[in-house]
Amino acid sequence: MSTIVLNSSVDIPLPDWLKKCITHSKTSNGNAESDRRFNDANLICRAFEFAYQLHQGQYRKSGEPYICHPVAVAGLLYDLGGSPAMIAAGFLHDVVEDTDITIEQIGELFGAEVRQLVEGVTKLSKINFKSKTESQAENFRRMFLAMAQDIRVIVVKLADRLHNMRTLQVMPDEKRRRIAQETRDIFAPLANRLGIWHFKWELEDLSFKYLEPDAFRQIQQHVSEKRTSREEKLAKATATLRDRLQQASIKCLDISGRPKHLYSIYQKMQRQQKEFHEIYDLAALRIIVETNEECYRALAIVHDAFRPIPGRFKDYIGLPKPNRYQSLHTGVIGLTGRPLEVQIRTMEMHHIAEYGIAAHWKYKETGNSNNSHLSTTDEKFTWLRQLLEWQSDLKDAQEYLDSVKDNLFEDDVYVFTPKGDVIPLSPGSTSIDFAYHIHTEVGNHCAGAKVNGRMVPLSTRLQNGDIVEIMTQKNSHPSLDWLNFVRTSAAKYRIKQWYKRSRREENVARGRELLEKELGKTGFDSLLKSDAMQSVAEKCNYHSVEDLLAGLGYGEITLNLVLNRWREVVKAQQPLAVVQPFLPKESAAANKALRDAPATSRASDSPIVGVEGLVYHLAGCCTPIPGEPIIGVVTRGKGISIHRQGCHNLECVEYERLVPVGWNPAAEHSSRPHTYPVNIQIEALDRVGVLKDILSRLSDQGINVRYAQVKTAIGQPALMDLGIDIRDRPQLEQVFVQIKKMSDILNIRRIGQIDE
Ligand code: MN
């Protein structure tokens, strides 16, 4: 299609630079051209032609042909010093979105570089900003930087946005406001970050115009009212300085009143709570000279011509700002007696101040314009470094360091929620990481994920700009497999937590078993419900006894530790145990009754400790003997009943009625040993004389037999129930051993409400 359009009549007015470019491409044999980019005029012209044809028949809301917009965008990029590829991308930036052309076709026709730029801009254009907070806006900006691997993409996008802002008037009010807000939140700060001051202030002023129309109009009016008188005064000062500089033979490239943009005046008024007329540095002069040395000489002349205001001089040439801004600033008393601000800089410094990162292009020697910027990794890093250096708008050093970290391209991946919030994740993160980032419950019930509207495997790595939607189901739960691909430690931790919790019942049961083995079955259930056990749990940093058991079962806490805490708690409670917590409601009376009762124990000679001063008796159901673990039960009206631990009769006893008791070792050695009744049952072959043999064997050992009862049935073993008096557990065991040795004895066991 090479020059069809250019030969036919083009129905829009073309800017001069483009006309020149077209002329140059037609007569491209060798005329030396100051602008090297015209060597690549063919690329620029082809891009224009292509866009012109594709957008033909399309119109903007204002009614003008659509092509006016890409032409304006390309023009902004041309003015900024952009390379031919960037200018071409300016022409082509909307064709993929708005016409049938694919990005592959762009690549085939215009090469990889143009394709990359157009693709980047198209991607960014699809992003729908719904930012509400400053932190979200910052996330958007960072995502922008991360997405546009090539910063030139952002510059093209900024040019696109600037032209759209310039032509925003035709849009309905609501859309205007939305776009203006987005521009203020995202694009102006980006322009500022890239140091393109020139874009920044215009984007800010245009946003200001649509967001605060009244304030904007007011300031605009003030500025234009004062302009004439201000300009007159400035003109005098300008003339004076121009003369003095000439006398000193300093070549002054430019000296002019510096326009201050409206939004910055507004911000200053807001910030300093001042009226318009109080903002006096509206009067400002900028002097542009050739060399650094001349800057300082010019400064001396300014200070000689006007009286300097102390404290207003700043040397940003010797000490450049972090964004590489360089200039001399000073304040003097002007001809009207009002302060006058003066900036002195070279042309290069001026370009850097105005165009920021883009100024780099103007001063960069590119012998071959195809070999354009950022083509090598090295250059990319240079860009990156500059970008980072230029983040002067950040609040403090820490924030700066953080942003350096965050802006290293591969450092984070930014994705969207369906509502449009930006979520930063570690690179390599998956939908599961995303789900857990949103909420633990979303992660725990994640059943599937859609990325950009399509179902994907949960292990799919997310890319910058992906819109991620998590499907949850009530009965879905994490899979251990997830641990193999989740990236963030938060997600890993929560999956593990879930597993820990989900096996809770199992863990509680195991913990229970372990603890029961140690503390005994007797009253164990009520023990678990007791306040004492609750405080053991709390001492072990658990909310509840069940948590404690789960922790014990899971191995999070050792049995020994639990037992130690238990002992501490019991010890602390023991002094009280006798008097208060173990007594029934009518405690005062009961207490008195107990004390007055005849068979109370006295401290040292009592065989039982823990019941001092109280009536007690040994329970008939389980007949405890010394050497066996025992426990006391407060009965109603019968004092303390002493049971063996594990007695079935204790299972329904409330914990509050249990009294810790034990055998008194001192009493065992008293002169006349005490004996205790024990019931045993012997199973033997039913033969004549077997009972007699047993009784004589017991008698041999000095054991008193209180009663004996034999039950026989034909063809069955004989059952003998015996009541014997026993000193202690070792003696009873001895008895068992002796009887078992006898012939015809089948079995021997103790009788009582307890499993032996
Ligand atoms: Mn556009």
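Whatever order the structure lists them in is the order used to number ligands and atoms, beginning at 1.
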* For a side chain to side chain donor-acceptor pair (under 3.5 Å) with Gln58, tell me which candidate from Gln56, His55, Arg60 qualifies. =>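 The passing option is His55.
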* So which of the N, O or S atoms of Asp94 lies nearest the Mn ion (ligand 1)? ->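 The atom in question is OD2.
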* Nearest to the Mn ion (ligand 1) - the N/O/S atom of Asp160, by atom name ->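 Minimum-distance N/O/S atom of Asp160 relative to the Mn ion (ligand 1) is OD1.
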* Val451 and Phe434: side chain to side chain contact (heavy atoms under 4.5 Å, CB included), yes or no, with the steps? -> CA-CA 11 Å; Val451 171; Phe434 175 86; over 6 Å; no
* Does His163 bring an N, O or S atom to within less than 2.8 Å of the Mn ion (ligand 1)? -> no
* Asked: Is the shortest heavy-atom distance from the side chain of Ile438 to the side chain of Ile470 under 4.5 Å?
  ->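 Not in contact.
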* In Å, rounded to the nearest 0.5 Å, how long is the span from CG of Asp205 to CD of Glu202? -> 8.0 Å
